[in-house]
Amino acid sequence: MELELSTGNSGTNFIKHIIEEDLKAGKNRGQVATRFPPEPNGYLHIGHAKSICLNFGLAQEYQGTCNLRFDDTNPVKEDVEYVESIQEDIQWLGFHWHELYYAADYFEKIYESAVQLIEQGQAFVCDLTPQQMREYRGTLTELGRNSPFRNRTVQENLDLFQRMRAGEFEDGSRVLRAKIDMASPNLNMRDPVLYRIRRAHHHRTLNQWCIYPMYDFAHPLSDMIERITHSICTLEFEDHRPFYDWVLQALKTPCHPQQIEFSRLNLNFTVMSKRKLLDLVQGKHVRGWDDPRMPTLQGLRRRGVSPAAIRDFCERVGVTKKESCIEMSMLETCIREDLDRTVPRAMCVLNPLKVVIENYPDGKVEELEVPNHPSQPALGTRKVPFSRVIYIEKEDFMENPPPKYFRLSPGKEVRLRSAYFIQCVGLTHDPKTGEVTELRCTYDPQTRGGANPPDGRKVKGALHWVSEAHSAIAEVRLYDRLFQVEFPGAGGTDYLSQINSHSLIVLKNSRIEPSLMAALPESRYQFERQGYYCVDRFDSHSGQLVFNRTVTLRDSWAKEKGSS
Ligand code: ATP
Ligand code: MG
């Protein structure tokens with residue numbers, strides 16, 4: 001899919017405009033009733049969040065209602081696991097449905113509607129094979145032909161349909177079709193199928209039915225039964241709208257919901273269809289539906305993204321009829337802005353390098369009082385212990401630095417955040433690998449709290465650190481984009497071959513400051529100078545925390561790994 005990249009279209013919403021016109025005209029007795037209708041055949045992704053925010057958001061804005069309806073008319077791919085996760089995700093996003101329904105609960109009413117269409121001479125049982133059906137259907141440039149079974153009598157159709165339900169015929173041997181127009185320019189109007197025979201176990205109706213209504217038939221009826229006023233769906237259903245309206249008109253239903261289409265959310269560097277997401281899970285390319293690299297709500301949640309950030313993103317993306325692809329960096333911006341405002345700061349050294357401060361007394365410990373947020377005093381302060389042996393980031397030391405390197409190197413001085421200036425006076429190498437294993441430094445007691453010394457000496461680098469004796473080891477998982485290309489699968493390429501093999505880096509020896517040791521699952525922090533991190537909700541145990549990197553501090557993807 002080669003789509004124009006977009007940075008969103010916040011504020012405007014043509015659907016609100018339609019609703020306001022309807023309210024002015026006194027339509028639907030001044031009611032607004034929407035629904036979110038997922039098929040329980042996978043986990044919700046961020047595209048669904050757009051639809052959820054839209055449907056629930058409209059109901060909130062116009063004091064209306066929004067139902068959650070499981071569109072479970074296709075028994076084969078559906079499962080209670082999905083039914084449960086979908087409910088959890090919607091609530092997590094911060095929305096509450098008015099009523100919870102299942103399309104399967106309408107099977108009897110939908111069946112009765114089909115019988116009514118037969119009685120009105122507007123539906124017939126057809127015995128063409130699927131192959132023949134395709135041939136008779138015609139194409140965009142070629143008219144369709146009437147099925148030879150189209151002129152069956154009402155009596156014969158009623159009898160056959162009743163026997164389809166009773167299980168007298170084999171799967172796929174017959175279907176019920178609407179009798180509309182085989183010459184219609186809209187292929188969806190060429191006598192579309194209403195019911196098929198399918199002996200499949202349904203997660204809700206079990207083995208009660210062996211015939212199932214098609215989505216296009218069940219959907220307008222479900223909307224009508226629930227007295228939905230505005231039935232909002234994505235653009236690919238635009239061509240189905242004539243049939244949606246045909247069903248309701250033919251049945252002379254007491255109300256007629258209005259179908260309105262909007263464009264899907266697409267994001268670059270990921271895939272969004274449930275089928276592809278399922279492939280990623282089943283092929284073990286990711287650790288599950290809730291892998292933090294997945295665009296699923298469970299994945300985003302596990303990664304540390306807050307519901308508020310997702311709602312903000314959906315708002316900024318806006319609602320239009322224009323197909324576009326939103327940049328992942330826009331989602332990341334929403335996440336950063338939300339976390340920057342709301343989460344406490346803490347220090348974690350991802351790849352520790354030991355530093356011994358030679359002139360700092362052995363056994364002495366200072367509890368430094370450090371604010372948890374630079375501009376939100378309400379987030380309080382914490383005590384960070386300082387002692388003779390600390391760790392800094394390996395990346396923050398270079399033995400032979402290039403000019404303008406402001407971090408630590410032999411002879412150079414830097415500031416330890418909230419602590420002291422230190423100067424590197426010596427180092428130890430691993431005799432085999434030549435790698436630097438330990439630094440020796442001195443500190444300046446006049447720089448406590450990171451203050452400038454009385455002689456006005458200044459340093460540019462400010463490093464994060466932890467005290468060896470007071471820190472704990474934690475696992476840190478660094479995530480990057482799941483795909484290395486912007487449009488996975490574009491032009492018929494194999495999206496599975498475009499997975500970014502560096503999308504997960506696991507660090508087993510990171511060191512966290514003591515205030516993080518009691519962090520609860522799902523709590524979020526800014527690790528100073530590193531990014532935003534969240535305690536993994538499933539793999540963390542007390543004393544053995546696992547942190548997921550939600551997002552880096554800056555958009556480093558395009559520019560590639562800048563330094564601070
Ligand atoms: P997928 O193609 O990912 O399987 P779907 O449309 O089949 O998605 P449904 O369970 O039928 O998934 O979707 C429930 C609702 O969410 C529908 O109203 C659908 O239009 C909407 N929706 C699904 N994907 C997106 C998306 N990417 N952007 C906006 N709305 C979406
Ligand atoms: Mg669908």
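Indexing begins at 1, ligand by ligand and atom by atom, following the structure's order.
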Heteroatom distance test (Thr234, ligand 1): nitrogen or oxygen, under 3.5 angstrom: yes
Mutual orientation of the aromatic rings belonging to Tyr195 and Phe217 [parallel < 30°, tilted 30-60°, perpendicular > 60°]: perpendicular
Nitrogen or oxygen atoms of Ser263 and ligand 1 under 3.5 Å apart: no
Under 3.5 Å: N/O of Ser273 near N/O of ligand 1: no
Distance-only polar pair, side chains of Thr493 and Gln498, donor-acceptor under 3.5 Å: yes
N or O pair under 3.5 Å between Lys50 and ligand 1: no
Over-ring placement of Arg145 relative to Tyr136, 6.0 Å and 45° cut-offs: yes
Ligand 1 N/O within reach of Glu236 N/O, cut-off under 3.5 Å: no
Option of least heavy-atom distance to atom 13 (O) of ligand 1 (set: Lys77, His48, Glu39, His45): His48
Side-chain H-bond candidate by donor/acceptor type, His240 with Tyr244, under 3.5 Å: no
Side chains of His230 and Asp22, donor plus acceptor under 3.5 Å: yes
Atoms in ligand 1 flagged as close to Met272, the criterion being non-hydrogen separation under 4.0 Å: 3 (O)
Of the listed options Gly42, Pro37, Gly47, closest to atom 31 (C) of ligand 1 (non-hydrogen atoms): Gly47
Option of least heavy-atom distance to atom 2 (O) of ligand 1 (set: Arg264, His219, Glu261, Arg35): Arg264
Asn548 and Tyr479 side chains, donor-acceptor separation under 3.5 Å: yes
For ligand 1, the portion of Arg275 having any non-hydrogen atom under 4.0 Å away: neither
Modelled atom types, side-chain donor and acceptor of Gln298 and Thr296, under 3.5 Å: no
Exercise: do Gln116 and Glu112 side chains pair donor with acceptor under 3.5 Å: no
Numbered atoms and elements of ligand 1 in range of Pro38, under 4.0 angstrom, heavy atoms: 10 (O), 14 (C)
Arg481 to Phe269 six-membered ring, cation-pi geometry met (6.0 Å, 45°): yes
Heteroatom proximity flag, Phe36 to ligand 1, N/O under 3.5 Å: no
For ligand 1, the portion of Phe237 having any non-hydrogen atom under 4.0 Å away: neither
Ligand-side contact atoms (ligand 1) for residue partner Phe262, heavy atom cut-off under 4.0 Å: 29 (C), 30 (N)
